[in-house]
Amino acid sequence: MKSLSNYKPKFLPTISTLTLHSLLHIHHQPHPNTPTQSNLPNTHLNEFTAACYNRDLPTAMKALNFMQKTQIWADSVTYSELIKCCLARGAVREGKLVHKHVFSSGYQPKTFLVNTLINMYVKFNLLDDAWKLFDEMPERNVVSWTTMIAAFANAGMRDEALGFLACSGLGILRQIHCIITKVGLDSDVFVRSALIDKYSKWGEVSNALTVFNEMETRDLIVWNSVIGAFAQNSDGDEALELFKRMKRCGFLADQATLTSVLRACTGLALLELGRQVHVHVLKYHRDLILSNALLDMYCKCGSMEDARFEFTRMVNKDVISWSTMIIGLAQNGFSHEAIDMFEEMTSSGTRPNYITIVGVLFACSHAGFVDKGQSYFQSMEKVYGIKPGREHYGCMVDLLGRAGKLNEAVELIHNMEPEPDVVTWRTLLGACRIHRNMDLAAYAAKRVLDLDPDDAGTYILLSNIYVNTHRWEDAEQVRKIMKGNNVRKEPGCSWIEVDKQIHAFVLRDNSHPDIDEITRRLIQYVQRLREVGYVPDTSFVLHDVEGEQMEDPLLYHSEKLAIVYGLMALTKGKTIRIRKNLRICGDCHLFAKLLAQMEGRNIVIRDPIRYHHFQGGFNASLLVNGLMVDHIEQTGVMIENQQKALTDLSKKVEGIICFSD
DNA sequence: CTAGGGTTAG
């Protein structure tokens with residue numbers, strides 16, 4: 001038997017090297033020496049039974065000791081109660097004693113009881129023990145299998161940091177799947193939903209869907225598994241599609257369903273749909289996970305008013321509720337409030353975790369709180385016992401970089417304990433662009449491309465930096481390399497929700513039914529803005545390096561089209577909310593800011609990293625020159641995948657969903 | 001009455 005709980009990749013057992021033949025056999029012969037349970041009245045047994053059902057662990061263990069000596073056994077259900085009690089208290093030692101007892105003197109516990117023990121070891125993360133029990137049990141049933149599938153598949157996931165492990169973990173899952181089919185357990189709902197869930201945790205959504213589609217009977221949980229699979233793998237469309245199917249089949253959504261539906265809305269920035277789901281969430285208002293998902297939905301849809309309201313209304317808050325708010329505030333540009341929230345959280349006695357600190361540092365980097373950020377960063381390990389990870393370093397690189405302390409940023413990268421990755425170097429590259437540091441930019445870009453040679457954003461960023469510093473030949477060179485490597489840039493795409501429909505706008509795509517009117521108005525708006533001093537920021541013109549030069553490529557950036565469409569189609573006074581697949585460019589940022597003021601409309605644009613709030617009507621005077629340097633963002637950083645943009649596009653005029661249950 | 005579903009970052 002190989003070790004699973006201390007496994008190193010090369011020791012990770014594969015099913016075939018283990019006892020494949022024993023797995024394939026389900027034995028049926030009874031155990032030769034199986035004493036029967038005592039029917040005689042016994043004080044210890046009575047005491048034991050009572051203690052188990054009362055969850056009185058010490059008394060139960062004392063009684064168990066006597067039963068052991070007098071060779072008396074209780075019935076399986078009583079033991080399972082005791083094991084539940086051990087699980088709840090994390091009592092590993094006691095659990096092991098129970099295990100020993102039920103196997104002592106040749107007593108052969110029923111399959112039911114062995115399953116309970118296996119599950120106990122799985123939950124204690126003692127996979128060796130779980131595996132040994134499973135391997136040696138004379139008869140396995142569906143429950144034994146379901147338990148082990150979950151155990152194996154989760155085991156491979158514990159060390160995601162080592163990328164190559166991903167293969168072996170997934171490989172094990174595939175082998176288990178194979179064996180399950182051979183043994184004929186694949187018609188079981190439990191086994192299937194475990195498989196679906198495990199495949200989806202490995203990102204193998206299509207396998208999950210296949211397993212699901214092959215099922216003839218489905219219950220609510222298996223629907224939830226598959227909806228959750230897509231929601232968690234950022235395919236909100238498919239999740240909502242499945243949700244509609246589920247409702248057509250007559251199932252009613254429960255907490256888990258709603259959580260996944262909310263997560264789908266979150267991913268797609270569907271605020272209006274999210275609000276409808278909210279109505280159904282009300283009856284589960286005590287459900288913490290669901291409330292957290294609701295909070296996140298409002299944050300990610302850019303409606304901090306709703307998020308704040310829900311947050312103050314929540315009676316129970318955990319680390320995730322607080323972290324969600326901190327990150328939400330930080331991403332939406334409310335950096336001070338995010339930090340206040342963090343202070344409030346710690347003084348209320350909630351311990352921050354890894355992710356909370358990411359949010360705090362993110363807030364600092366956005367607001368330029370260099371000292372504050374550094375002090376949180378330096379104290380996180382001492383005060384909260386959290387070792388800085390890649391994400392924390394990333395925030396610090398951004399913080400120092402934006403503040404112009406590029407050398408310190410580089411030094412930090414060179415000395416950081418986790419290996420810097422693409423994101424780290426790309427962050428540095430972004431900072432180089434802001435401060436026009438050519439040499440460092442070239443260095444950072446090289447590191448990015450070493451790690452990810454297909455990163456179109458980096459080529460574009462690099463060529464833009466060369467253009468900005470008038471190094472035309474170098475810019476040309478980068479374009480050539482990019483072309484040579486056949487790297488294509490993802491087309492910019494923006495989405496806006498109007499009347500429960502999503503409208504998508506893609507650069508150079510004219511398929512929207514109102515595109516002529518939109519373009520006409522866009523030109524008008526640009527004209528009017530120019531009259532009050534708007535000057536398009538041409539440093540972004542060369543983004544579309546491989547296309548033909550249009551007369552004015554900036555004019556047609558997808559978010560501009562979406563904003564204008566929002567002005568046309570949404571009722572006056574309604575906030576225009578847009579989601580983008582790429583980072584917003586400086587020119588569009590300026591355009592949105594000025595237009596929001598001129599038209600007196602609030603505009604919120606969500607890009608893959610941040611949310612940009614533009615207030616309308618506050619300030620009628622336009623401060624064009626000041627704005628040029630304000631908050632310059634860079635397009636071209638590719639976060640979401642290209643396929644998705646195109647799929648979404650094809651669905652742009654399709655109705656979304658109706659709630660009618 | 002032992003097994004399967006939902007929340008924060010990247």
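Chain letters run A, B, ... following the sequence lines, proteins first, then strands; residues in each count from 1. Nothing here was measured: the structure is a model prediction, and the numbers come from that model.
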Could you state the [atom1]-[atom2] distance from [X] to [N], rounded to the nearest angstrom?
X	N	atom1	atom2	result
A:F362	B:dA9	CZ	P	11 Å
A:R583	B:dG10	CZ	P	11 Å
A:N141	B:dA3	CG	P	12 Å
A:L329	B:dT8	CG	C1'	13 Å
A:I118	B:dT2	CD1	P	15 Å
A:L113	B:dC1	CG	P	13 Å
A:F112	B:dA3	CZ	P	9 Å
A:Y393	B:dA9	OH	P	22 Å

Select base, sugar-phosphate, or nothing to describe what [X] touches, counting heavy atoms under 4.0 Å on all strands.
X	answer
A:V191	nothing
A:D219	base
A:I355	base
A:S225	sugar-phosphate
A:T324	sugar-phosphate

Exercise. Is the charged tip of A:R192 near the ring of A:F212: under 6.0 Å from the six-membered ring centre and within 45° of its axis?
Worked result: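 No, A:R192 and A:F212 do not form such a contact.
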Mind checking ring-ring contact (aromatic ring centres under 6.0 Å, His included) for [X] and listing every partner two or more places apart, or none if nothing turns up?
X	answer
A:F190	none
A:Y354	A:H392
A:F369	A:H336

Using OP1 and OP2 only, check whether a side-chain N or O of [X] sits under 4.0 Å from [N].
X	N	result
A:K201	B:dG6	yes
A:K300	B:dA9	yes
A:Q232	B:dT7	yes
A:R263	B:dT7	yes
A:N119	B:dA3	yes

Exercise. Checking only heavy atoms, does the side chain of A:D188 share a donor-acceptor pair with the base of B:dG4 at less than 3.5 Å?
Worked result: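 Answer no: no donor N or O sits under 3.5 Å from an acceptor.
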For this session: Can you sort out which residues in residues 285-297 of chain A have a heavy atom within less than 4.0 Å of DNA chain B? Ascending by number, please.
Result: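 DNA chain B contact set from residues 285-297 of chain A: A:D287, A:I289, A:L290, A:N292, A:D296.
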Name each donor-acceptor pair under 3.5 Å that joins a side chain in residues 94-102 of chain A to protein atoms two or more places apart or in another chain, with its distance.
unit_1 : atom_1 : unit_2 : atom_2 : d
A:H99  : ND1    : A:Y121 : OH     : 2.6
A:H101 : ND1    : A:Q68  : OE1    : 2.9
A:H101 : NE2    : A:Y79  : OH     : 2.7

Problem set entry | side chain to side chain contact (heavy atoms under 4.5 Å, CB included) against A:A431, all qualifying residues, sequence neighbours excluded |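 By the side chain to side chain contact (heavy atoms under 4.5 Å, CB included) rule, A:A431 matches A:L406.
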Exercise. Out of B:dA9, B:dG4, B:dT7, which nucleotide sits closest to the side chain of A:V358?
Worked result: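 Nearest to the side-chain atoms of A:V358, counting from C-beta on, is B:dA9.
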Problem set entry | Geometric class of the A:W73/A:Y107 ring pair [parallel <30°, tilted 30-60°, perpendicular >60°] |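 Geometry flag for A:W73 against A:Y107: parallel rings.
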Exercise. Do A:F342 and A:Y376 have ring centroids that are under 6.0 Å from one another?
Worked result: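 Yes - the distance between ring centres of A:Y376 and A:F342 falls below the 6.0 Å cut-off.
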